[in-house]
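Some notes on the structure that comes next.
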Amino acid sequence: MEKPIIEIVEAIDTAKVYDELSDAKSGGICVFVGTVRDFTHTETVISLEFEAYESMALKEMAKIVEQAAAKWPLNKVVIRHAVGLKKVQEPVVVIGVSTAHRDACFAACRYMIDTLKETVPIWKKEMFKDKSVWVSAHP
Amino acid sequence: MEKPIIEIVEAIDTAKVYDELSDAKSGGICVFVGTVRDFTHTETVISLEFEAYESMALKEMAKIVEQAAAKWPLNKVVIRHAVGLKKVQEPVVVIGVSTAHRDACFAACRYMIDTLKETVPIWKKEMFKDKSVWVSAHP
Amino acid sequence: MEIFLFGIARDIVGSSSLDLSTSGEQPESVGELLDVLKDTYPKFNTLSSLAVAVNGEYAALDEHLGQEDEIAIIPPVSGG
Amino acid sequence: MEIFLFGIARDIVGSSSLDLSTSGEQPESVGELLDVLKDTYPKFNTLSSLAVAVNGEYAALDEHLGQEDEIAIIPPVSGG
């Protein structure tokens with residue numbers, strides 16, 4: 001695997017992800033982009049605010065890439081999360097993998113987003129019309 | 001589901017796929033890009049040439065989108081295949097889906113590329129240094 | 001009866017279409033068409049699979065072929 | 001001993017960090033730190049989970065806390 005791109009940024013540029021993953025040894029590239037959806041359960045979301053414990057989040061993201069690379073043969077990896085205020089439809093996370101065959105890129109991409117949501121110290125606050133809620137904070 | 005984008009083109013612009021899939025009702029976007037790999041088994045591939053029975057290929061691609069939309073709740077879909085001579089690292093197919101939740105976009109994206117490879121009348125010739133081979137033609 | 005040929009089927013026949021109107025043999029079904037092809041061009045017997053599309057849809061062996069149908073030979077597909 | 005607070009933990013305490021050096025209670029382990037926090041700010045008991053990171057790594061309850069460690073309270077994460 002080449003040196004992965006692991007970043008926490010203010011804004012995600014989805015257009016450049018393919019260039020970052022493009023690779024002569026890869027036949028498949030799988031990219032997942034998480035975006036802000038306009039409703040949660042039954043309420044209209046106006047925006048999301050993301051906060052990260054950045055130094056630790058980058059370490060945890062690097063662990064996820066290492067774990068995925070141990071499970072599947074990966075050529076290139078991008079894992080990039082946004083912080084700050086994000087409006088509906090904006091990208092908040094992008095995870096991309098290029099591999100020789102498509103099985104591995106789908107499986108690794110899915111593994112990385114699932115694990116990111118479980119372990120990386122990043123927090124999301126949903127802003128509704130008249131209140132705001134830290135997602136998953138309470139049972 | 002919005003009207004899907006179903007196309008056979010000379011060249012694929014991967015940078016525009018996210019804009020095409022971006023959607024206020026979607027929390028997840030999954031994109032698969034198939035690219036030309038520089039080797040097959042043990043031989044070095046110089047380029048690939050794709051040929052389509054275009055009118056039928058577009059109909060079969062539309063069937064795949066319909067089938068996926070019947071299985072999962074999809075918001076936006078792009079399915080675009082390239083024809084002509086493609087060099088190593090160039091994209092040859094892009095399949096993207098946006099959905100409310102990530103389970104559906106991963107599953108639908110995977111279903112569509114797997115089915116495309118089985119049913120859509122498009123043919124690929126691998127060009128090696130001193131010969132060329134129609135892929136999968138012989139047992 | 002004009003038949004479109006793609007991929008390795010075109011290479012086997014040496015042409016991107018085949019006109020059976022002028023030949024004595026007029027296959028009446030998909031199955032008969034495949035038999036004529038395999039007899040005339042034995043290399044078709046070496047392929048992994050061989051399908052026929054009638055008017056842009058995969059057709060069963062017993063499907064009838066009419067003079068106005070758009071007929072295509074579909075060797076093993078390999079897109080993606 | 002300075003402790004970083006994120007997300008809802010920051011809201012509960014009303015500050016992005018907490019300095020326990022000046023207080024009488026000096027927790028010696030992750031478990032003791034959580035006990036102090038839950039006693040002082042009972043709302044921590046309402047969370048789905050509560051973890052502590054020491055020097056940027058998730059820490060077990062029995063992990064020792066030193067004055068030079070970077071300590072952070074990790075409420076339920078929700079990235080992605």
Side-chain angles (χ1 to χ4, degrees), chain A residues 6-9 12 32-37 40 45 48-64 79-84 86 91-95 109-127 131-139, chain D residues 1-20 27 29-31 33-35 37-61 63-80:
Chain A
I6 300 171
E7 290 178 350
I8 291 178
V9 297
I12 286 176
F32 174 79
V33 181
T35 55
V36 180
R37 199 153 49 94
T40 299
V45 173
L48 293 184
E49 186 158 12
F50 286 89
E51 173 181 336
Y53 177 15
E54 192 164 322
S55 59
M56 180 178 174
L58 291 168
K59 279 204 257 185
E60 290 293 324
M61 285 154 80
K63 284 183 199 169
I64 293 171
I79 174 166
R80 180 179 283 132
H81 204 295
V83 287
K86 301 297 157 209
V92 298
V93 61
V94 59
I95 293 188
C109 189
R110 182 66 202 257
Y111 173 82
M112 289 196 281
I113 181 63
D114 287 356
T115 311
L116 179 145
K117 283 172 177 269
E118 285 169 11
T119 65
V120 177
I122 294 178
W123 298 272
K124 170 167 52 192
K125 197 189 225 174
E126 289 175 337
M127 323 291 251
K131 64 172 179 179
S132 64
V133 175
W134 287 104
V135 176
S136 303
H138 296 103
Chain D
M1 182 178 285
E2 193 178 10
I3 295 155
F4 294 122
L5 300 161
F6 294 96
I8 197 166
R10 194 187 55 235
D11 287 0
I12 288 173
V13 173
S15 167
S16 62
S17 73
L18 192 60
D19 190 349
L20 291 187
S29 71
V30 167
L33 170 61
L34 288 175
D35 289 343
L37 279 176
K38 288 173 179 174
D39 283 350
T40 317
Y41 306 96
K43 279 191 177 170
F44 276 117
N45 291 293
T46 68
L47 301 183
S48 317
S49 71
L50 196 58
V52 172
V54 178
N55 301 320
E57 302 281 348
Y58 286 106
L61 287 179
E63 187 155 326
H64 179 79
L65 299 179
Q67 283 301 327
E68 302 305 310
D69 287 331
E70 178 175 313
I71 299 165
I73 304 302
I74 311 288
V77 302
S78 51

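Please read all numbers here as calculations on a predicted model, not as lab measurements. Below, chains carry the letters A, B, ... as their sequence lines are ordered, and counting in each starts from 1.
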(message) Below 4.5 Å, heavy-atom pairs only: which of K63(A), K125(A), K117(A) has the largest tally toward chain D?
(response)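 Maximum pair count with chain D is reached by K117(A).
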(request) Find the one option among E118(A), E49(A), H81(A) whose heavy-atom pairs under 4.5 Å with chain D are most numerous. (result)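 Heavy-atom pair counts peak at H81(A).
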(message) My understanding is that only residues two or more places apart in sequence, or in another chain, count here; which of them pass side chain to side chain donor-acceptor pair (under 3.5 Å) with H64(D)?
(response) none
Contact check, side chains of [X] and [Y], non-hydrogen atoms, under 4.5 Å:
X	Y	answer
V93(A)	T35(A)	no
L18(D)	L37(D)	yes
I122(A)	S78(D)	no
I73(D)	L33(D)	yes
L48(A)	R37(A)	no

(message) At under 4.5 Å between heavy atoms, what parts of residues 50-60 of chain D are in contact with chain A? List them by residue number.
(response) A53(D), N55(D), G56(D), E57(D), Y58(D)
At a 4.5 Å cut-off on heavy atoms, which part of [X] comes close to chain D: side chain, backbone, both, or neither?
X	result
S55(A)	side chain
W134(A)	side chain
F50(A)	side chain
A52(A)	backbone
V135(A)	both

(message) Please give me the minimum heavy-atom distance between V36(A) and K86(A), naming the atom from each residue.
(response) CG2-CB, 3.8 Å
(message) Looking at R10(D) and E51(A), is there a salt bridge between them, counting it only when a charged N and a carboxylate O are closer than 4.0 Å?
(response) yes
(request) Check the surroundings of atom CD in Q67(D): do more than 12 heavy atoms from other residues, nucleotides or ligands lie under 6.0 Å from it? (result) yes
(request) Specify whether F4(D) and Y53(A) have parallel, tilted or perpendicular ring planes, treating 30° as the upper limit for parallel and 60° as the lower limit for perpendicular. (result) tilted
(request) Under 4.5 Å, counting heavy-atom pairs only, tell me which of G80(D), A9(D), S49(D) racks up the most with chain A. (result) G80(D)
